[in-house]
Each structure stands twice: as C-alpha cells, then as structure tokens.
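These values consider heavy atoms only, across backbone and side chains, with no hydrogens, waters or symmetry-generated copies. All chains are named by letter (A, B, ...) in the order of the sequence lines, taking the proteins before the strands, and each is independently numbered beginning at 1.
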Number of protein chains: 2
Amino acid sequence: MHDVARLAGVSAKTVSNVINGYPHVREATRAKVQLAIDKLGYELNVTARNLRLGRTGLITLALPELKLPYFAEFADEAIRAAEARGLRVLIEQTNADRARELAVLHGVRRVMTDGLIFSPLALGPDDIRLFQVDFPLVLLGERVFGSGNDHVAVDNVAGARAATQHLIEGGRRRIAVVGSHPDEPVGAPALRERGYREALAGAGIAVDEALIRPGQAWHMSVGAQLTDELIASGVAFDAVFALNDALALGVLHSLHQHRIKVPAQVAVIGFDDVEESAYVRPTLSSVSPGREQIATTAIDLLLQRIAESPGTPAGERAPARRVLAEFSLVPRQSSGAR
Amino acid sequence: MHDVARLAGVSAKTVSNVINGYPHVREATRAKVQLAIDKLGYELNVTARNLRLGRTGLITLALPELKLPYFAEFADEAIRAAEARGLRVLIEQTNADRARELAVLHGVRRVMTDGLIFSPLALGPDDIRLFQVDFPLVLLGERVFGSGNDHVAVDNVAGARAATQHLIEGGRRRIAVVGSHPDEPVGAPALRERGYREALAGAGIAVDEALIRPGQAWHMSVGAQLTDELIASGVAFDAVFALNDALALGVLHSLHQHRIKVPAQVAVIGFDDVEESAYVRPTLSSVSPGREQIATTAIDLLLQRIAESPGTPAGERAPARRVLAEFSLVPRQSSGAR
DNA sequence: TTGTATGCGTTATCAA
DNA sequence: TTGATAACGCATACAA
C-alpha cells in the first residue's frame with residue numbers, strides 16, 4: 001500500500017480510502033491511485049485488514065454430512081444468503097461424531113471465523129452447558145433446547161401432521177411410517193412421528209404399531225429394505241409416510257419391484273422436498289421444510305449477534321430467539337395429486 | 001498474550017514459545033505459563049498469527065456443485081486429506097458459472113487462502129492465460145491443458161475403455177452410451193466416449209451412432225429419460241454404458257419400468273462409483289475413479305507449491321506436474337458379476 | 001479532501 | 001533458556 005501511495009504521490013491513507021470506496025476522494029486522486037494499483041498489480045492484504053478490524057467476514061457452517069442431499073442443498077442456500085450479506089462460509093463436516101462436534105464448538109475448528117451456525121447430531125440435551133459459549137452461535141435442528149441460544153428449526157411436527165392429513169384426505173387409512181427412531185426421544189424422527197400420530201388421532205384413526213417401521217440411516221436403500229419387510233410381513237397398508245425423501249425414493253423403488261401401483265394401490269409422501277423428488281417417476285409428494293427461510297434466518301440471526309459488541313455482558317444481550325420455519329405441502333403424483 | 005505473560009511473570013515471547021510447542025522451554029516455565037493461560041481463559045488470536053506468518057492455513061476448493069454426489073464425496077475426501085496435513089478447506093461453488101469461476105481465480109473469492117484447488121467447468125481451453133496466476137494453484141479435471149499448472153485428473157479414457165471392455169467380455173455387442181456431449185470436444189464426457197470407441201475398435205465391433213445418446217445434465221432423471229427414448233426408438237441394445245453413476249441409476253430405473261431384466265437382457269455400468277451404487281438393486285457396476293488418490297495428490301501438490309517461497313521467479317519453480325489417477329473397475333450385479 | 005501517527009496481536013531476530 | 005524490539009499490512013483518530 002505504501003508502494004502504491006509513493007507511486008501515486010499520495011499517502012497510504014488515501015490509497016486505503018480509494019480501496020474502501022470512501023466517498024470524499026477527489027476524482028483525480030482516485031484515478032491516480034487506481035492507476036498505481038493497476039500498474040503495480042497491488043492486492044489488499046485481507047489478513048492485515050482482518051487483524052485491524054477484529055473480524056474475518058468468515059462464518060462457520062457445521063453440518064453432519066455434506067453428502068446427504070438435504071444438507072448439500074441447505075449449504076447451498078446458506079452460502080447464497082451469506083454472500084448476499086458480504087460473508088463467506090467455511091463448512092465443517094462433523095459426521096455426527098462427538099469429538100468433531102466438540103471441536104467445532106471449542107477446539108481448533110472454532111478458530112478464525114466470526115460466528116457459527118451449527119446443526120448438532122451427536123451432542124444432545126445433556127450437553128447444554130457446552131453450548132454456553134462467548135461467540136456468536138445459532139443452532140439448527142431440534143436436538144438442543146433450553147441452551148439459551150438462537151435457534152432455527154424445521155416445523156417437523158406440523159409438517160408431518162400435514163403430510164399425514166394429506167394422505168388421510170386422499171382416503172387412506174392404513175398409513176405406514178418408514179424410518180422411525182423409537183429409541184430417540186428428541187430430534188426430527190421423533191417429532192415427525194409425533195405429527196403422524198397427531199394427524200391420525202385428529203381423524204379418529206387408531207395407530208397400528210405394526211405399521212411403524214424403525215430404520216436408523218435415512219438412505220434410499222433403507223427405505224427400500226423397510227418396504228420389502230413391510231410387504232413381507234403381510235400387514236395391509238394403503239399409504240407410506242417416509243420420514244424423509246431419500247427413504248421415500250427407496251420406498252417407491254421397492255413398491256415398483258413388487259408391482260404395487262403408486263398411487264393407485266399405495267400412496268407415498270416424503271419429507272424435505274429434495275430436488276430429485278420432482279424428477280423421479282412417479283414424482284414424489286413431499287413437505288418442503290422452508291430451507292431457504294431457515295438459511296436466511298440463521299444468517300440474519302448470526303449477523304445480529306456478531307453486531308452486538310463483543311464485550312456485551314450476557315445479561316444485556318438480546319434474548320435468545322427461536323424460529324420455526326414455514327413449511328409447505330407439495331402434493332405430486334405419488335400421493336394422487338393431479 | 002501480554003496479560004498472560006505478566007501473570008506468569010515471563011515475556012510474551014515465552015508465552016508464544018509455550019503455545020507453539022517450542023522445545024527449549026523449561027518445564028517449570030511451561031507449567032507457569034499454562035496455568036496463567038487457563039486462569040485467564042486466553043485464546044490465541046489466529047488472525048494476528050496469520051498476518052505475521054503470511055499464511056492462513058486455509059485453502060480453497062472450487063467445485064461446480066456440491067449437490068452432485070461425485071463432488072460431495074470428493075469434497076469429503078479433500079477435507080480429510082487437508083486436515084491430515086494441518087490445513088482447512090474453504091469450499092466455493094461455481095455452479096459452472098463463468099463469472100463465479102473468474103472470481104475464484106481473480107476476484108473476491110480468491111482472497112485469504114494459501115492456495116486453490118480448482119475444478120473448472122465454464123472456463124475452458126480458450127482461457128489458458130487466466131490460469132497463469134502467481135499463487136499456488138492445482139487444477140482438477142480435463143478441461144484446461146497446457147496452462148502450465150499442476151494437474152490431477154481421472155483417467156477417463158482408460159476407465160471408460162475398461163468399462164466397455166468389461167461389457168464386451170460379458171458377451172455384449174450392442175452397447176449404448178448415455179449422456180454424451182457431442183458438441184464438447186474437451187472434458188470428461190468426450191474422453192469417456194473416446195474410451196468407449198477405443199474399446200469397440202479394439203474388439204472389432206462397429207460403432208452404431210444410434211446407440212450414442214446425448215444428454216446434457218448428468219442427473220438420474222436424464223438417464224431415465226434417455227433410456228426411455230432409446231427403448232422407444234426401437235434400436236436393439238444389450239448393454240448400457242452410462243457416462244456417470246447418476247445417469248446409470250436413472251437407466252436402471254427406466255429399464256425396470258419397462259420390465260427389462262438387468263443384467264439378463266441388458267447389462268449396465270456407470271462411472272464414478274458413488275456410494276449409492278453399492279446399495280441399489282441390482283447393485284450397479286461402475287468405474288472407481290480414484291477419488292481418494294486425486295484428493296490427496298491435489299493437496300500434496302498444492303502444499304509443495306505453497307512451500308515454494310513466494311518470491312521464486314517462474315523460471316526457478318518446479319515444473320508443472322500432471323497426474324492421472326489410478327482407476328479400478330468395480331463389477332457388480334448390473335453387469336452380471338456374481 | 002488528505003496526511004501523520006498509532007496500534008491491532010503475533011512471531012522472528014538477535015542479544016543476554 | 002528467555003527477553004527486548006521490531007516488523008507483518010492495514011484502518012482509525014485526529015490534525016492539517
């Protein structure tokens with residue numbers, strides 16, 4: 001910067017002013033400086049600026065796994081939203097590994113970014129105190145509550161209720177659930193199952209536990225396998241609510257292999273509204289969880305925390321906010337939509 | 001750091017020495033310093049260290065799209081490899097957009113990282129001069145050659161040849177290709193098609209152009225649609241080489257819908273060996289492109305460039321290296337493997 | 001509208 | 001084995 005200043009016959013401050021678009025710079029000066037910048041091929045040293053400003057303009061997005069389409073699409077949304085606000089995103093995969101999730105909160109992965117958007121999967125309600133941190137943090141998902149952090153989540157219960165009601169309105173009564181996690185009281189699986197039960201109860205339909213099929217990994221292959229087992233078990237069913245779209249794609253696959261017509265014999269609905277769901281045949285009905293809203297809200301909440309002067313004592317900070325995103329039902333062919 | 005030094009009764013340099021594991025520190029001193037660190041809850045300011053060292057320990061990985069399973073899995077490998085070498089990875093999605101690819105090379109997305117691993121999709125052979133940059137750069141893929149950069153690529157031609165030979169060895173003679181890009185002379189599609197043609201030529205089989213089906217987007221739905229069209233066209237075929245696994249999954253889907261038995265009537269093979277390929281039914285034969293080797297090689301090449309002192313004139317730098325990764329054929333059920 | 005002086009928090013040099 | 005001092009490159013007060 002000093003070299004540029006010397007060549008342009010001005011001070012370093014003026015060069016800085018030009019680079020940062022400071023308005024009160026005479027046009028002639030600006031041109032001189034710009035010329036010198038181009039001539040020398042000068043580039044601003046961002047690290048020095050970061051040090052001076054005490055910010056890096058980088059935020060961390062910590063997710064379980066990028067390979068899962070839901071998270072890949074969410075990361076995409078988050079990157080766009082961040083970019084629109086002048087931020088860049090450093091993605092950390094935790095692989096639902098406890099040590100890695102800890103490192104994101106307190107270890108080496110914590111470093112160099114202005115804040116963290118975190119979707120925990122290994123850490124749970126017992127770890128609340130670990131979430132009491134002194135840097136900007138926004139949580140995603142449903143695993144950790146009462147930790148006093150800002151929180152953005154899918155409205156799992158209402159979304160699942162709507163999906164189930166949709167099947168009921170289509171005349172279905174024997175609705176199977178694929179992918180439940182019976183041993184996990186918290187998290188998306190439990191909440192989506194609860195929405196299912198609420199919808200049945202609301203319609204006066206008794207729950208048949210034989211229709212609820214546990215499946216740990218929410219992958220396509222698991223959806224197919226659970227459906228195979230369901231068919232083999234001989235339990236009658238006329239619809240399937242797959243707890244996410246990957247499972248639902250597997251369900252469709254299995255039904256197809258067994259020559260069961262969708263939606264004529266069995267209606268299918270998923271959850272997440274992944275891109276692929278609009279392209280498979282039959283197209284897959286789903287619940288769109290408000291991914292974009294979640295991403296933008298999370299970024300905005302984080303930005304507000306970053307803007308709070310770092311020295312603010314905990315007592316004077318804005319109270320923690322919790323946002324449930326607006327979902328929407330997306331009826332397609334698999335549930336009999338025209 | 002000065003506060004810690006004062007509390008411990010030492011100088012800031014000694015605190016720095018302790019933090020950085022400098023060996024010549026007396027054990028008693030180290031203990032004193034560590035105590036002061038813990039007592040004050042001191043954390044190193046990484047930005048200041050970055051400024052002083054002239055490095056950030058961060059590298060950029062610029063990819064077309066994270067949603068594509070191949071890139072998601074590649075990013076995963078790259079992150080692991082980087083981590084093992086003490087680096088972190090900033091992922092940039094270009095969406096095959098020219099402006100974004102330019103920004104990665106020369107614009108705002110260039111900033112703050114020690115080097116770039118770049119898989120271009122919009123920039124091509126005409127843009128060679130854009131790749132003459134003065135920061136560490138490793139290219140992935142096949143689009144840009146002769147730019148004088150280090151380069152790591154899938155061995156597309158040999159991999160495709162092996163895939164086709166595998167089908168031929170299984171007795172297939174009417175082998176369709178799904179997903180060609182006839183208007184693109186460079187890049188993976190062209191190279192894989194070339195491998196196909198070489199294999200046919202080697203076996204003395206004439207190429208039937210009606211069997212080669214162009215398809216721009218390499219998505220599952222496209223694979224299904226192209227197969228539908230192939231079947232509708234009435235052209236006889238006994239095997240399909242899908243130019244990647246996503247297409248191949250669509251091919252399987254379509255064949256299934258048309259009650260065509262795989263592999264009895266039609267054998268199928270893909271390319272990329274995506275995780276899901278091992279789980280679909282029938283399991284999908286594929287070509288494993290050496291993803292892990294590509295990731296680790298790219299990181300290692302980049303590290304060597306980073307290690308070259310930045311002032312080294314172009315003439316004295318190590319010559320550009322080009323690495324073709326070792327692929328392997330993965331025969332599964334879809335091509336008749338037991 | 002532009003310039004001067006100062007410090008952000010660290011590590012390197014070199015001396016003690 | 002440890003310490004004093006000087007950068008790293010920038011932005012901010014404040015002065016001019």
Side-chain angles (χ1 to χ4, degrees), chain A residues 1-37 40-58 86 108 110-114 134-135 306-307 309-311, chain B residues 1-37 40-58 86 108 110-114 134-135 306-307 309-311:
Chain A
M1 197 177 254
H2 280 94
D3 295 344
V4 172
R6 198 177 322 122
L7 182 60
V10 300
S11 77
K13 177 66 197 347
T14 300
V15 178
S16 175
N17 283 341
V18 169
I19 288 174
N20 293 297
Y22 182 70
H24 305 292
V25 177
R26 205 183 310 156
E27 191 44 52
T29 313
R30 182 186 309 282
K32 258 193 320 194
V33 169
Q34 192 57 53
L35 192 73
I37 288 176
L40 294 178
Y42 164 78
E43 284 180 18
L44 179 75
N45 181 319
V46 178
T47 302
R49 167 191 275 176
N50 290 343
L51 175 60
R52 180 60 234 232
L53 295 181
R55 293 182 286 101
T56 60
L58 206 57
V108 56
R110 163 74 269 286
V111 137
M112 225 171 104
T113 62
D114 298 338
D134 60 352
F135 56 84
I306 292 173
S309 61
Chain B
M1 197 176 251
H2 281 94
D3 294 345
V4 172
R6 197 176 322 120
L7 182 60
V10 299
S11 78
K13 181 67 207 319
T14 299
V15 177
S16 174
N17 284 340
V18 169
I19 288 174
N20 293 295
Y22 182 69
H24 304 293
V25 176
R26 207 184 305 154
E27 191 45 51
T29 312
R30 181 185 309 281
K32 259 193 318 194
V33 170
Q34 192 55 56
L35 192 73
I37 288 176
L40 295 178
Y42 163 78
E43 284 180 18
L44 179 75
N45 180 319
V46 177
T47 302
R49 165 191 277 177
N50 290 343
L51 175 60
R52 181 62 236 223
L53 295 181
R55 293 183 285 100
T56 60
L58 206 58
V108 56
R110 162 75 268 286
V111 136
M112 225 172 104
T113 61
D114 298 338
D134 61 352
F135 56 84
I306 292 173
S309 61

### Task
Tell me, please, which residues at least two apart from B:V46 pass side chain to side chain contact (heavy atoms under 4.5 Å, CB included).
A:V111, A:M112, B:N50

#### Entry: Closest heavy-atom pair and its distance - A:A12, A:A5
N-CB, 3.6 Å

### Query
For the atom pair CG (A:L51) and OG1 (A:T56), what is the distance rounded to the nearest 0.5 Å?
12.0 Å

### Task
Using a 4.0 Å heavy-atom cut-off across all strands, classify A:V46 as base, sugar-phosphate, or nothing.
nothing

### Message
Could you work out, with side chain to side chain donor-acceptor pair (under 3.5 Å) as the rule, every residue matching A:T47, not counting sequence neighbours?
### Response
none

### Query
Does D:dA4 have OP1 or OP2 sitting under 4.0 Å from an N or O in the side chain of B:S11?
no

## Note on the structure
Sorted by position of nearest nucleotide on DNA chain D, 5' first, the leading residue of A:I19 and B:Y22 is B:Y22

## Note on the structure
Side-chain atoms of A:H24 come closest, of C:dT1, C:dT2, C:dT10, to C:dT1

### Message
Run the side chain to side chain contact (heavy atoms under 4.5 Å, CB included) test against B:I37 and tell me which residues pass, sequence neighbours left out.
### Response
B:V4, B:I19, B:V33, B:Q34, B:Y42

### Summary
The complete set of salt bridge (Lys or Arg N to Asp or Glu O under 4.0 Å) pairs with one or both residues in residues 19-37 of chain B, sequence neighbours excluded, reads B:E27-B:R30

### Task
To the nearest Å, give me how far apart NZ (A:K32) and P (C:dT1) are.
14 Å

### Summary
By nearest-nucleotide position on DNA chain D, the 5'-leaning member of A:S16 and B:R26 is B:R26

### Message
Please enumerate all residues that pass side chain to side chain contact (heavy atoms under 4.5 Å, CB included) together with A:R55, with sequence neighbours excluded.
### Response
A:L53, A:D114

### Query
So what does B:H2 touch, heavy atoms closer than 4.0 Å: a base, only the sugar-phosphate, or nothing?
base

Give me the distances for all protein-to-nucleotides 6-9 of chain D N/O pairs that come in under 3.5 Å?
unit_1 : atom_1 : unit_2 : atom_2 : d
D:dA7  : N3     : B:R52  : NH1    : 3.0

#### Entry: Which residues share a ring-ring contact (aromatic ring centres under 6.0 Å, His included) with B:Y22, sequence neighbours left out
B:H24

### Query
Which residues pass the side chain to side chain contact (heavy atoms under 4.5 Å, CB included) test with B:T113, sequence neighbours left out?
B:L58, B:T60, B:L90, B:R110

### Query
In chain order, what residues pass the side chain to side chain donor-acceptor pair (under 3.5 Å) check against A:S16, with sequence neighbours excluded?
A:N20

### Query
Counting any heavy atom closer than 4.0 Å, what does B:N20 reach on the DNA or RNA strands: base, sugar-phosphate only, or nothing?
sugar-phosphate

### Residues forming a side chain to side chain donor-acceptor pair (under 3.5 Å) with A:N45, sequence neighbours excluded
none

### Query
To the nearest angstrom, how far is A:N50 atom CG from C:dT10 atom C1'?
14 Å

### Query
Taking five pairs at each end, how big is the angle between the two axes of the helix from C:dT1-D:dA16 to C:dA16-D:dT1, to 10°?
30°

Considering only nitrogen or oxygen atoms on both sides, find all protein atoms under 3.5 Å from nucleotides 14-16 of chain C and state each distance.
none

